[in-house]
Amino acid sequence: METRVLDGNTFRRMLCGGANGIRTHIEEINELNVFPVPDGDTGTNMSKTIDSGVLKISEYDSAVLGNVANEFAKGSLFGARGNSGVILSQFFAGICEELSDKSTATVSELSDAYMNGVKRSYSAVSNPVEGTILTVFRESAEYAHDKLTDQSTLEDFLKLNIEQAERSLEKTKEILPVLTEADVVDSGGAGYLCIAKGMYASLSGEQMPTFLAVQSAQPSNEINYDLFTSDTVLEYGYCTECLVRLQHAKTDISAFDAQDFAKELEEMGCNSVVSIKDGDVLKVHAHTMTPADILTLCQRFGEFLNIKIENMCLQHSEKESEAPKKRTIHKRYGVVTVATGEGMKALLLALGADVIIDGGQTGNPAAEQFLEAFEQLDADHILVFPNNGNILLTALQAAELWRDENVTVIPTKTIPEGYAALSVFNSAVDDIDAQINDLISAKDAVVSGELTVAIRDSIIGGVEVREGEYIGILDGELVASDSSPIDAMCAMIDKTDDLDDRELITLFVGEGVDDEARVEMADSIEDRYPDHAVEVRIGGQKIYDYLIAIE
């Protein structure tokens, strides 16, 4: 095939092909993990991110390129998960931004859009690192851009992009020493290559994309309608969601205020209200007893792109229906944090968290989940604790998408950092700047450790690791490996540079540790470090048998 013009349907087919391309290689990409730890989730995050965009357009039949580009960009930005997913969503958002006002595009215009995607992806990271997915983005886009001729087709452009992406990906092992030592390529770059190949396959006709595959990949929840009978009282109301295209004939789109719209819904008696404006599209989510009132209000300003109304009294087979989430009472500070493990969640709630998003390693939440958490809070200032380095960019992206400017992300990259920061949180402090400084200072002061079991032989940072051994990771560096969990733990603690100047070791116990092992570990640490107080908390986290905070 020789395609020289990109229209909406062609772009849609390419994007769906890209989603299919990575979906079939998720586990391979997840396994491209530097540390020999079973927590790789790059493939999962990138696949879910692009799936979120494809879900917006899989049944969106439009030949207008800009329409498809806008819908896809919104979906991927809101559905972005993990650092790789956020960077991927920003790359595509940059591409779609250049295509947003076009009915069709030439090959040259698509190439220019890719260059804008590179620019936007780099700007999404405070300290861009070469040898990562960013390098693969940039070098493949630049190469294809420079090699284009007046006779080039869309197929030629994608082939050139893929050729350089393959070379750039292999070169990541030479650029980043940690990849060289682990003998793996960058997982994010590998994920992008799968997407690019999927896009080319669908465009060239080698593989027709399955548009609905993204939907079937989602959990299937069959609704038991018998749970709502003719005698049932409607207790919870309806979960009502819709996308509205604002109309110039009905409102001044540039002046339309999503926050004012949300307040109007709340005055109507709605709760759990989410109202987000992106360009000329308004996304609405609310719980109400009278969904028709919401639809009537929406139609005062525009026309519907889609509508979903669900009776919240019904229960799904795999989980209970979500009861209405009421806003908290008004307060100066609202706290959102991320955690996994019932014990850890309870600890963070006790320290002042208002909303806890379930997530962590291998379970990174989407940007939209943060937005839903923000909506539950009625606060002057919302403080966010991601507690995971792979969730930080998602939290920052959600803060940018939020309709207000009252969200501050405290850049906690581990559970111990989040725990230490929340320990000094003081709701009585009026000065927001002083509050933030105290939280960041507490976060920076703690040394974080993780103990888990290696899943393969490896040499990382000069430390030789054998499969099945316990490995200690201190502030992101693998520093110890031993067949004994106690010896590995103590070797890790010993690596703390200023250990003698610290006083407290807090141990967070994972779900896989029994009582006998927990007591033995705590006693051993107390014996080995008599000058330090040792506290034990039952975290219940997965993957890591123990997390430690050294303060």
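Note that the structure is a prediction, hence the values are computed from the model and not measured. In this chain, residues are counted from 1 in sequence order.
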Minimum side-chain heavy-atom gap [X]-[Y] below 4.5 Å:
| X | Y | result |
| --- | --- | --- |
| C298 | C242 | yes |
| L371 | F78 | yes |
| Y333 | D354 | no |
| L305 | V244 | no |
| M344 | I415 | yes |
| N20 | R23 | yes |
| L134 | S121 | yes |
| V479 | V463 | no |

Polar side chain donor-acceptor pair, [X] to [Y], under 3.5 angstrom:
| X | Y | value |
| --- | --- | --- |
| D252 | S254 | yes |
| D112 | H145 | yes |
| T135 | E139 | no |
| R403 | Q259 | no |
| T10 | D7 | yes |
| T149 | S152 | yes |

Taking atom [atom1] of [X] and atom [atom2] of [Y], what is their separation to the nearest 0.5 Å?
| X | Y | atom1 | atom2 | answer |
| --- | --- | --- | --- | --- |
| L193 | N161 | CG | CG | 9.0 Å |
| M199 | S204 | CE | OG | 12.0 Å |
| C194 | H25 | SG | NE2 | 5.0 Å |
| L6 | R12 | CG | CZ | 13.5 Å |
| K443 | D438 | NZ | CG | 13.5 Å |
| M46 | S187 | CE | OG | 8.0 Å |

Please say whether the positively charged group of R167, taken as NZ for Lys or CZ for Arg, lies over the ring of Y143, i.e. under 6.0 angstrom from the six-membered ring centre and within 45 degrees of the axis. yes
Closer than 3.5 angstrom, by distance alone: can the side chain of [X] be matched with the main-chain N or O of [Y] as a donor-acceptor pair?
| X | Y | answer |
| --- | --- | --- |
| S47 | T44 | no |
| E71 | K74 | no |
| D358 | T340 | no |
| E450 | L474 | no |
| E400 | Q397 | no |
| E97 | A93 | no |
| K250 | Q299 | yes |
| S76 | F72 | yes |
| D156 | T153 | yes |
| E241 | I307 | no |

Provide the closest heavy-atom pair for [X] versus [Y] in the form atom of the first, atom of the second, distance.
| X | Y | value |
| --- | --- | --- |
| G189 | V136 | CA-CG2, 3.9 Å |
| S52 | G79 | OG-CA, 3.5 Å |
| L401 | A367 | CD1-CB, 4.5 Å |
| L154 | V107 | N-CG2, 3.5 Å |
| R4 | E2 | NH2-OE1, 3.5 Å |

On the 0 to 90° scale, with breaks at 30° and 60°, tag the Y114-F157 ring pair as parallel, tilted or perpendicular. perpendicular
Taking atom CD as the centre, does E477 end up with more than 12 heavy-atom neighbours from other residues, nucleotides or ligands that are less than 6.0 angstrom away? no
Derivation and outcome, side chain to side chain contact (heavy atoms under 4.5 Å, CB included), residues V355 and V335: CA-CA 6 Å; V355 181; V335 175; over 6 Å; no
Go through the steps to decide whether R138 and E142 satisfy the test salt bridge (charged side-chain N to carboxylate O under 4.0 Å, His left out), and finish with yes or no. CA-CA 6 Å; R138 178 177 55 78; E142 290 174 347; 3.5 Å; yes
For E163, all residues meeting salt bridge (charged side-chain N to carboxylate O under 4.0 Å, His left out), sequence neighbours excluded: none
Looking at [Y] and [X], is any side-chain nitrogen of the basic one under 4.0 Å from a carboxylate oxygen of the acidic one?
| X | Y | result |
| --- | --- | --- |
| K197 | E166 | yes |
| E264 | R300 | yes |
| R245 | E303 | no |

What residues form a side chain to side chain contact (heavy atoms under 4.5 Å, CB included) with R456, not counting sequence neighbours? P36
Distance-only check: which donor-acceptor pairs under 3.5 Å involve side-chain atoms of residues 385-396, not counting sequence neighbours?
{"from": "N387", "atom 1": "OD1", "to": "T412", "atom 2": "OG1", "distance (Å)": "2.8"}
{"from": "N387", "atom 1": "ND2", "to": "T337", "atom 2": "OG1", "distance (Å)": "2.8"}
{"from": "N387", "atom 1": "ND2", "to": "V338", "atom 2": "O", "distance (Å)": "3.0"}
{"from": "N388", "atom 1": "OD1", "to": "N390", "atom 2": "N", "distance (Å)": "2.7"}
{"from": "N388", "atom 1": "ND2", "to": "Q361", "atom 2": "OE1", "distance (Å)": "2.7"}
{"from": "N390", "atom 1": "OD1", "to": "N83", "atom 2": "N", "distance (Å)": "3.0"}
{"from": "N390", "atom 1": "ND2", "to": "D41", "atom 2": "OD1", "distance (Å)": "3.4"}
{"from": "N390", "atom 1": "ND2", "to": "N364", "atom 2": "OD1", "distance (Å)": "2.7"}
{"from": "T394", "atom 1": "OG1", "to": "G82", "atom 2": "N", "distance (Å)": "3.2"}

Between L179 and D186, is the side chain to side chain contact (heavy atoms under 4.5 Å, CB included) condition met? List the steps. CA-CA 7 Å; L179 296 179; D186 177 69; 4.1 Å; yes
